[in-house]
Amino acid sequence: MTKADLINALVEDTSLPKKDCETFLNSFTAQITNSLKVGNDVSLIGFGSFTVKDRPARTGRNPRTGDAIQIAACKVAGFKAGKPLKEAVNA
């Protein structure tokens with residue numbers, strides 16, 4: 001499902017104008033992004049949790065040459081599905 005598909009599904013479910021659904025979705029994703037950016041977790045009960053995880057520096061391999069390269073430490077966004085979501089997917 002693409003962003004456009006999700007917006008269209010929201011329009012069908014809520015009967016709200018498409019522009020309002022698009023504005024809501026953009027604001028929703030921006031709020032999650034901003035919370036993660038400052039290091040806060042976002043928990044949506046019944047859906048899941050978005051977290052920021054630290055990925056340490058490590059040595060990798062260039063697949064083309066086989067040479068060892070150093071991969072820098074970074075932060076990555078993670079998502080853990082909640083129990084109701086897991087059950088819905090596995091039903």
Side-chain angles (χ1 to χ4, degrees):
M1 177 180 270
T2 64
K3 183 177 179 180
D5 294 336
L6 183 55
I7 290 169
N8 290 333
L10 288 170
V11 169
E12 289 177 20
D13 284 350
T14 63
S15 301
L16 292 173
K18 187 173 185 176
K19 186 166 181 90
D20 290 347
C21 290
E22 184 175 3
T23 301
F24 167 78
L25 185 59
N26 289 336
S27 177
F28 180 76
T29 56
Q31 292 303 318
I32 291 174
T33 302
N34 291 338
S35 285
L36 294 176
K37 197 186 263 188
V38 297
N40 295 331
D41 294 343
V42 178
S43 182
L44 303 172
I45 303 301
F47 184 71
S49 298
F50 296 90
T51 58
V52 176
K53 299 176 183 178
D54 290 317
R55 183 174 285 169
R58 63 194 190 281
T59 302
R61 294 263 173 218
N62 181 335
R64 190 172 290 172
T65 64
D67 294 338
I69 56 173
Q70 190 63 27
I71 301 171
C74 64
K75 294 182 180 188
V76 294
F79 177 76
K80 183 176 179 185
K83 185 176 178 182
L85 179 59
K86 287 180 190 176
E87 290 172 352
V89 170
N90 288 311

Could you tell me the separation between the CG atom of Asp41 and the NZ atom of Lys80, rounded to the nearest 0.5 Å?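 Reported to 0.5 Å precision, the distance equals 12.0 Å.
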
Working to the nearest 0.5 angstrom, can you tell me the gap between Ser27 OG and Asn34 CG?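 Here the interatomic distance stands at 9.5 Å.
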
Could you tell me which residues satisfy side chain to side chain contact (heavy atoms under 4.5 Å, CB included) with [X], sequence neighbours excluded, listed by chain and number?
X	result
Thr2	Ala4, Asp5
Gln70	Ala57, Thr59
Arg61	Ala68
Ser35	Asn40, Val42

Pairing residues for Asp67 by the side chain to side chain donor-acceptor pair (under 3.5 Å) criterion, not counting sequence neighbours: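 If we apply the side chain to side chain donor-acceptor pair (under 3.5 Å) test to Asp67, skipping adjacent residues, the hits are Thr65.
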
I'd like to know if [Y] and [X] are part of one continuous hydrophobic network [Ile/Leu/Val/Met/Phe/Trp/Tyr, side-chain heavy atoms within less than 4.5 Å].
X	Y	result
Leu6	Leu16	no
Val89	Leu44	yes
Met1	Ile7	yes
Leu36	Ile45	no

Whether the Lys3 and Asn26 side chains hold a donor-acceptor pair (N or O, under 3.5 Å, no angle test) is what I'd like checked.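 Looking only at side-chain atoms, Asn26 and Lys3 do form a donor-acceptor pair, the distance falling under 3.5 Å.
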
Say whether, by atom type as modelled, one donor and one acceptor occur between the side chain of Thr33 and the main chain of Thr29 under 3.5 angstrom.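 Yes: the side chain of Thr33 pairs with the backbone of Thr29.
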
Which residues share a ring pair (Phe, Tyr, Trp, His ring centres under 6.0 Å) with Phe79, sequence neighbours left out: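 Expected list: Phe47, Phe50.
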
Would you say Lys18 and Leu10 make side-chain contact, with heavy atoms under 4.5 Å?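 Answer no - side chains too far apart.
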
Compare all side-chain heavy atoms of Thr14 with those of Cys21 and state whether any distance is below 4.5 angstrom.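 Yes, at least one pair of side-chain atoms sits under 4.5 Å.
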
